[in-house]
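A short worksheet on the structure shown next.
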Amino acid sequence: MIKQAIIPLAGLGTRLLPLTSVFAKELLPINGKPGIEYILDECIDAGIKEVVFIISQKKLMIKKYFYNDKFYKDIIKKKRDPRIINEYKKILKYKKMIKFVFQEKPLGTGDAVLKTKKLIKGKYFLMLLPDDLIIKKNCSKSMIDIHKRFNASVMASMKVNKKNVSRWGVYDVKKKIDNNNFIIKSVVEKPSIKTAPSNNVVIGRYILSKKIFNKLLKLKPGKGREIHITDAIQSLINDNEKFIGHNFSGKYLDCGTMKGYIKSNIEVSKI
Ligand code: G1P
């Protein structure tokens, strides 16, 4: 059973400047609700009981957001507004399930994952990248089902136009399981269009084995001198760990860029 999720939140959000100059991008509203709450709701609905947030001193605002219950309490005492009471209960529910670890230097997603090593209890855990919003169908839930069926690691994926592959991790298929699930042969971080093995790209939802931590400990920095989760995954594949690429059926929204963020607001408002 997968009961724990981790969420890397130490990124600077430079692609969303000026909105992120003093504000955490994950708290920016998407149709009136902070982006991170969509991610947490996806976790809760998928049966996750504990979520580890990887933050930095610069992103302490995220911790404050979930630890501001006294502020709510004082307001509710003066004015019993049902809407505020509801929000207060929601914050309390989230607070109970969140743990925090720190990544002070932005050394990559792999490095962020490594910071959670001591807290992960089960054989497998879920990771969600908060820039990637998936609406209409719970992607994490579908991936947990696939994990249970095949007892394997899983990555969310989709097909993109070949000219855009260099923005993502890209994988090659070893064997097709069905129309939406593929056993992965290899995966490479942000390849050039020329060297990309396919147009199957990785989206920010992963079910990873605890074995990934030992791989990350040994890993040297890769592209852009960062420690990439993709490189640790390739190393596990080399050891015959089964990885499944799951083409999810929800709608993908990229909240990490200005254009994508604006589009996300419009798309979510239509639901
Ligand atoms: C990360 C991963 C990449 C993946 C992407 C999904 O990249 O390194 O393999 O395709 O998330 O959003 P980032 O968006 O952090 O550059």
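Counting starts at 1 for both ligands and their atoms, following the listed order.
For the pair K33 and Y38, the cation sits on the ring face: its NZ or CZ lies under 6.0 Å from the ring centre, inside 45° of the axis.
Ranking the protein heavy atoms by distance from atom 15 (O) of ligand 1 puts T109 OG1, 4.3 Å first. At the shortest separation from atom 12 (O) of ligand 1 among protein heavy atoms lies D132 OD2, 2.6 Å. Scanning the protein for heavy atoms near atom 7 (O) of ligand 1, the closest one is K190 NZ, 3.2 Å. R167 NH1, 3.2 Å is the protein heavy atom nearest to atom 14 (O) of ligand 1. Protein heavy atom at the shortest distance from atom 1 (C) of ligand 1 is L129 CD1, 3.8 Å. Of the protein's non-hydrogen atoms, the one nearest atom 8 (O) of ligand 1 is E189 OE2, 2.7 Å.
Using a 3.5 Å distance cut-off with no hydrogens or angles, the side chains of D178 and N181 do pair a donor with an acceptor. In the model, N68 has no side-chain atom that pairs as donor or acceptor with a side-chain atom of Y88 under 3.5 Å.
For S264 (side chain) and G260 (main-chain N/O), a donor-acceptor pair under 3.5 Å exists by modelled atom type.
In terms of polar-atom proximity, V202 is counted as a contact of ligand 1, with an N or O under 3.5 Å from an N or O of the ligand. In terms of N/O distances under 3.5 Å, ligand 1 is not approached by W168. Any N or O atom pair closer than 3.5 Å counts here, and R15 shares no such pair with ligand 1.
The existence of a salt bridge linking D239 and K211 is excluded, since no basic side-chain nitrogen approaches an acidic carboxylate oxygen closer than 4.0 Å.
Between F182 and Y171, the ring planes are tilted. Angles from 30° to 60° get that label.
For NZ of K73, the number of neighbouring non-hydrogen atoms (other residues, nucleotides, ligands) closer than 6.0 Å is 12 at most.
Less than 4.0 angstrom separates some heavy atom of T230 from each of these atoms of ligand 1: 9 (O). Near Y206, meaning under 4.0 Å from one of its heavy atoms, ligand 1 places the atoms 2 (C), 4 (C). Of all atoms in ligand 1, numbered sequentially from 1 with element shown, those under 4.0 Å from a heavy atom of G169 are 3 (C), 4 (C), 9 (O), 10 (O).
The side-chain hydrogen bond (donor to acceptor under 3.5 Å, both in side chains) pairs that include a residue from residues 126-138 are R15-D131, K25-D131, D45-N138, D132-Y252, where partners are two or more places apart or lie in different chains.
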